[in-house]
Participant: 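Take a look at the following structure, please.
For ligands, and for the atoms within them, numbers begin at 1 and follow the listed sequence. Just so it is clear, the model here is predicted, and its values are computed rather than measured.
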Amino acid sequence: MSDPILEMRGITKSYNAGQANSVIVLRGIDLSIAAGEVVALVAPSGAGKSTLLHIAGLLDVADAGQVLIDGEEMSGLSDARRTAIRRNDVGFIYQFHHLLPEFNAAENIILPQLANGISKTTAAARAAALLSAVGIAPRAAHRPGALSGGEQQRVAFCRALANAPKLLLADEPTGNLDPGTSDQVFGALMQLVRDTGLSALIATHNLALAARMDRQIRLDAGQLSEA
Ligand code: ADP
């Protein structure tokens, strides 16, 4: 059997350790996501979803425990290797799109590929294919300010997939949208993830969206349980 795409073992994380305002956020997280598996991370606000996702995506480091991506242990790697993994192997989507406002939709998807050494022609073709897959090919030349919230978020999905990552991490990817739009935009994300066979960990507190994934896990009081 192939390695899990993401594995977390005994992950703990506190903020302000030893101070009066210290907070223990993660108390020993064990999590395994198989190739092609899409997992919902369900938790109330403040439970530590973002902290967990940031540690999984190498944007933050745990106090203890191990993170393995596609079987490779992340601790002890050089900064250069961690950066390369973060850039090539992990796609991250936030609640807010964080697109570059002075570049159009296609350029926002092309730029991360150029930073990764991909040719301009190949990058442009991939951007066009991704925009088409999420149903907004006609918006390619629009800047984020000229797009609706749902369209902006669809572009952010394409950008996260620009470098064909192995793992997608999403932090309330449609949490900023009204319920009807959220449903449609989430559908576009799921389609994209399924079409590419990506493994994903997607935080949401929308139980209907969580039910559309393969498995639901709950984060509560710093620990995970199967929902
Ligand atoms: P969620 O994403 O589930 O809303 P977070 O991971 O953002 O939760 O935060 C979990 C807890 O950790 C919260 O109590 C939050 O206030 C605290 N926290 C998050 N980041 C920091 C930080 N940099 N310094 C201190 N406390 C933090």
Participant: Could a heavy atom of G48 be found less than 4.0 Å from some atom of ligand 1?
Facilitator: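 It does; at least one heavy atom falls under 4.0 Å.
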Participant: Under a 4.0 Å N-O cut-off, is there an ion pair linking K49 with E172?
Facilitator: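 Yes, this pair counts.
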Participant: Would you mind checking which non-hydrogen protein atom is closest to atom 6 (O) of ligand 1, with the distance to 0.1 Å?
Facilitator: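 Sorting protein heavy atoms by distance from atom 6 (O) of ligand 1 puts T51 OG1, 2.6 Å first.
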Participant: If you measure from the Lys or Arg side-chain nitrogens to the Asp or Glu carboxylate oxygens, is any gap between R143 and E107 under 4.0 Å?
Facilitator: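 No, R143 and E107 are not salt-bridged.
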Participant: Between R212 and D183 (salt bridge meaning N to carboxylate O under 4.0 Å), is one present in this structure?
Facilitator: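 Answer for the salt bridge query: yes.
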Participant: I'd like to know if D70 and K166 make a salt bridge, using a cut-off of under 4.0 Å between side-chain N and carboxylate O.
Facilitator: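 The answer is yes: the pair qualifies as a salt bridge.
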Participant: List every atom of ligand 1 that sits less than 4.0 Å from any heavy atom of V25, numbering the atoms from 1 in the order shown and giving each element.
Facilitator: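 Near V25, the atoms of ligand 1 are 10 (C), 11 (C), 12 (O).
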Participant: Below 4.5 Å, heavy atoms only, C-beta onward: do I55 and V61 meet side chain to side chain?
Facilitator: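 Not in contact.
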Participant: Can you tell me which residue and heavy atom of the protein come closest to atom 27 (C) of ligand 1, and the distance to 0.1 Å?
Facilitator: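 For atom 27 (C) of ligand 1, the nearest protein heavy atom comes out as Y15 CD1, 3.2 Å.
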Participant: Provide the number and element of each atom of ligand 1 under 4.0 Å from a heavy atom of K49.
Facilitator: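 Matching atoms, with element in brackets: 1 (P), 2 (O), 3 (O), 6 (O), 8 (O).
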Participant: Look up atom 16 (O) of ligand 1 and tell me if a protein heavy atom lies less than 4.0 Å from it?
Facilitator: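 Given the 4.0 Å cut-off, atom 16 (O) of ligand 1 does not count as touching protein heavy atoms.
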Participant: For the side chain of S199 and the backbone of A34, is there at least one donor-acceptor N/O pair under 3.5 Å apart?
Facilitator: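 Looks like yes, one N/O pair under 3.5 Å.
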Participant: From atom 4 (O) of ligand 1, work out which of A47, S50, G46 has a heavy atom at the shortest distance.
Facilitator: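 The option holding the nearest heavy atom is G46.
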